[in-house]
Undergrad: 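Sending over a structure as structure tokens; questions will come in a sec.
Here the structure is a predicted model, which means the values were calculated and not measured.
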Amino acid sequence: PVMVEPMTAAAARPATDALLTVRDLHGWYGESHVLHGMSFDVRQGEVVTLVGRNGAGKTTTMLALMGMLSKRAGSVRFAGRETIGLPARQIARAGIAIVPEERGIFASLSVEENLMLPPQIRPGGLTREQIFDLFPNLRERLSSQGTKLSGGEQQMLAIARVLRTGARLILMDEPTEGLAPVIVQQIGRTIARLKEQGFTIVLVEQNFRFAASVADRHHVVEQGRVVDHIANDELEQNLDKLHAYLGV
Ligand code: ATP
């Protein structure tokens with residue numbers, strides 16, 4: 001049998017300790033105060049979602065975790081280190097990466113060039129072979145131009161790109177948006193494999209059925225705060241509450 005090496009040292013640690021601890025996080029776009037004291041944890045090796053209505057502050061939370069807002073305050077501890085005062089590039093170097101909603105694939109570059117674009121920031125990133133094992137389509141499309149890819153392939157490339165860097169907390173903003181069901185399933189399987197390999201994932205997701213199929217826990221966001229936490233295995237009992245939060 002093939003022995004699978006842990007991808008990062010963190011993979012060997014028990015899944016119970018918090019990799020990310022957010023306390024009383026506030027965030028601003030210029031003068032506009034959007035996050036109003038967010039608190040939540042993400043454990044090492046966990047897949048969690050941020051769920052909530054449009055405009056609740058889910059994307060803004062991800063930008064705040066990355067240090068990409070004009071101002072933030074409170075506490076964001078990552079791997080035992082306070083990051084609230086750090087600039088975005090140092091937070092990235094500490095090992096947090098974002099797969100943005102718009103995917104950020106450069107149209108004029110090939111798949112290979114897009115893949116190799118972000119620098120490796122830490123040891124422990126996936127090798128090319130490991131990436132092609134996860135995303136076989138990308139190997140076949142290596143010399144294709146970014147624009148020639150389907151939406152699903154672009155999303156795979158956007159995910160693959162950050163896995164090379166050595167980041168171990170991956171933030172994904174609506175990765176299934178606009179994709180066909182068969183591609184959504186493929187992304188679900190990819191997330192499950194990344195979890196097995198020790199990655200920790202925070203997901204913003206509108207497709208609740210998909211979210212329930214991949215996540216361990218859901219943090220409910222309302223008006224710039226986390227107002228509830230629902231374990232995925234307690235979802236059934238909490239569906240009415242959740243529908244009330246989401247206004248559906
Ligand atoms: P959606 O699903 O609509 O993206 P969301 O929960 O991700 O919802 P955010 O995009 O985080 O919501 O938006 C939270 C609030 O911040 C909203 O009121 C939005 O109008 C505001 N906002 C978002 N981007 C900016 C910006 N660049 N400048 C000022 N305000 C913004």
Side-chain angles (χ1 to χ4, degrees), residues 20 34-35 38 40-43 45-66 96-105 134-138 149-163 167 169-197 199-248:
L20 184 78
V34 172
L35 301 183
M38 313 234 1
F40 62 96
D41 293 333
V42 183
R43 299 179 192 125
E46 207 179 23
V47 177
V48 304
T49 70
L50 302 177
V51 297
R53 299 183 193 211
N54 287 343
K58 305 177 297 291
T59 297
T60 306
T61 304
M62 292 197 159
L63 297 177
L65 296 180
M66 296 295 307
I96 310 181
I98 187 165
V99 182
E101 190 173 1
E102 62 280 5
R103 297 173 190 146
I105 302 303
L134 272 176
F135 304 106
N137 310 16
L138 291 184
L149 301 182
S150 67
E153 289 169 328
Q154 287 188 19
Q155 185 63 53
M156 303 291 176
L157 177 55
I159 296 172
R161 186 159 67 178
V162 301
L163 300 177
L169 174 63
I170 314 290
L171 315 177
M172 298 185 190
D173 197 352
E174 304 207 21
T176 68
E177 196 182 18
L179 302 181
V182 54
I183 309 294
V184 172
Q185 281 176 13
Q186 204 180 334
I187 291 179
R189 285 195 298 272
T190 302
I191 289 174
R193 287 188 65 188
L194 293 176
K195 179 180 159 75
E196 281 167 21
Q197 294 178 4
F199 285 97
T200 306
I201 296 170
V202 178
L203 201 63
V204 169
E205 191 50 66
Q206 302 279 356
N207 178 341
F208 204 74
R209 186 188 282 195
F210 173 80
S213 74
V214 295
D216 299 300
R217 285 194 299 154
H218 309 279
H219 296 308
V220 182
V221 181
E222 220 171 64
Q223 297 180 349
R225 289 185 188 84
V226 173
V227 295
D228 209 343
H229 316 270
I230 302 175
N232 199 52
D233 55 14
E234 291 167 7
L235 205 54
E236 286 292 314
Q237 304 93 293
N238 286 288
L239 274 185
D240 288 346
K241 195 163 79 169
L242 188 69
H243 287 160
Y245 285 133
L246 299 179
V248 293

Undergrad: Work out which heavy atom in Ile96 is nearest to a heavy atom in Leu65; give both atom names and the distance.
TA: CD1-O, 4.2 Å
Undergrad: Is there a side chain to side chain contact (heavy atoms under 4.5 Å, CB included) between Leu203 and Ile191 once you walk through the steps?
TA: CA-CA 10 Å; Leu203 201 63; Ile191 289 174; 4.0 Å; yes
Undergrad: What are the two closest non-hydrogen atoms of Leu235 and Ala212, and how far apart are they?
TA: CD2-CB, 3.5 Å
Undergrad: Under 3.5 Å, is there a donor-acceptor pair between the side chain of Lys195 and the main chain of Gly45?
TA: yes
Undergrad: Calculate, to the nearest 0.5 Å, the distance between atoms CZ and OG1 belonging to Arg43 and Thr200 respectively.
TA: 11.5 Å
Undergrad: Considering non-hydrogen atoms only, spot the tightest contact between Leu242 and Val220 and give its length.
TA: CD1-CG2, 4.3 Å
Undergrad: Evaluate side chain to side chain contact (heavy atoms under 4.5 Å, CB included) for Glu177 paired with Gln206, printing each intermediate quantity in order.
TA: CA-CA 8 Å; Glu177 196 182 18; Gln206 302 279 356; over 6 Å; no
Undergrad: Answer yes or no: is there a donor N or O on one side and an acceptor on the other, between the side chain of Asp216 and the main chain of Val47, under 3.5 Å?
TA: yes
Undergrad: Measuring from atom CG of Leu246 to atom CZ of Arg53, what distance do you get when rounded to the nearest 0.5 angstrom?
TA: 7.5 Å
Undergrad: Quick one: closest heavy-atom pair of Pro175 and Ile187, and the distance?
TA: O-CD1, 3.7 Å
Undergrad: Could you check whether any side-chain N or O of Asp173 sits under 3.5 Å from a backbone N or O of Thr59, counting only pairs where one atom can act as donor and the other as acceptor?
TA: no
Undergrad: Could you measure the distance from the CE atom of Met38 to the OG1 atom of Thr60? Nearest 0.5 Å is fine.
TA: 9.0 Å
Undergrad: How long is the span from the CD1 atom in Ile230 to the CG atom in Asn238, to the nearest 0.5 Å?
TA: 5.0 Å
Undergrad: Take the angle between the ring planes of His219 and Phe40 and call it parallel below 30°, perpendicular above 60°, tilted in between.
TA: tilted
Undergrad: What I'd like to find out is whether the side chain of Leu163 reaches to under 4.5 Å of the side chain of Ile170, using heavy atoms alone.
TA: yes
Undergrad: Among Gln185, Glu205, Gln155, which one satisfies side-chain hydrogen bond (donor to acceptor under 3.5 Å, both in side chains) with Thr176?
TA: Glu205
Undergrad: With sequence neighbours left out, write down each residue that passes salt bridge (Lys or Arg N to Asp or Glu O under 4.0 Å) with Asp41, or none if nothing qualifies.
TA: Arg23
Undergrad: Atom CE of Met156 and atom CG of Leu179: how far apart are they, to the nearest 0.5 Å?
TA: 7.5 Å
Undergrad: Within a reach of under 6.0 Å around CD of Gln237, are more than 12 heavy atoms found that belong to other residues, nucleotides or ligands?
TA: yes
Undergrad: Any idea which heavy atoms bring Met62 and Leu171 closest together, and the distance?
TA: O-CD1, 3.7 Å
Undergrad: Going through the checks in order, is the side chain to side chain contact (heavy atoms under 4.5 Å, CB included) test met by Val51 and Tyr245?
TA: CA-CA 9 Å; Val51 297; Tyr245 285 133; over 6 Å; no
Undergrad: Can you measure from CG (Leu149) to CG (Leu138) and round to the nearest 0.5 angstrom?
TA: 7.5 Å
Undergrad: Mind checking whether Ile105 and Arg161 have side chains closer than 4.5 Å, heavy atoms only?
TA: yes
Undergrad: Looking at Ala97 and Val162, what are the two nearest heavy atoms and their distance?
TA: CB-CB, 3.8 Å
Undergrad: Excluding sequence neighbours, so at least two apart, what forms salt bridge (Lys or Arg N to Asp or Glu O under 4.0 Å) with Glu153?
TA: Arg141
Undergrad: Quick one: which residue pairs count as a salt bridge (charged side-chain N to carboxylate O under 4.0 Å, His left out) with a foot in residues 237-248, not counting sequence neighbours?
TA: Asp228-Lys241
Undergrad: Has Lys58 got a side-chain atom pairing as donor or acceptor with Gly52's backbone, closer than 3.5 angstrom?
TA: yes
Undergrad: For Arg209 and Val184, run side chain to side chain contact (heavy atoms under 4.5 Å, CB included): C-alpha distance rounded to whole Å, both residues' side-chain angles, the deciding distance at 0.1 Å, then the answer.
TA: CA-CA 11 Å; Arg209 186 188 282 195; Val184 172; over 6 Å; no
Undergrad: Find out whether Gln186 and Asn137 are in side-chain contact, i.e. whether some heavy atom of one side chain is under 4.5 Å from a heavy atom of the other.
TA: yes
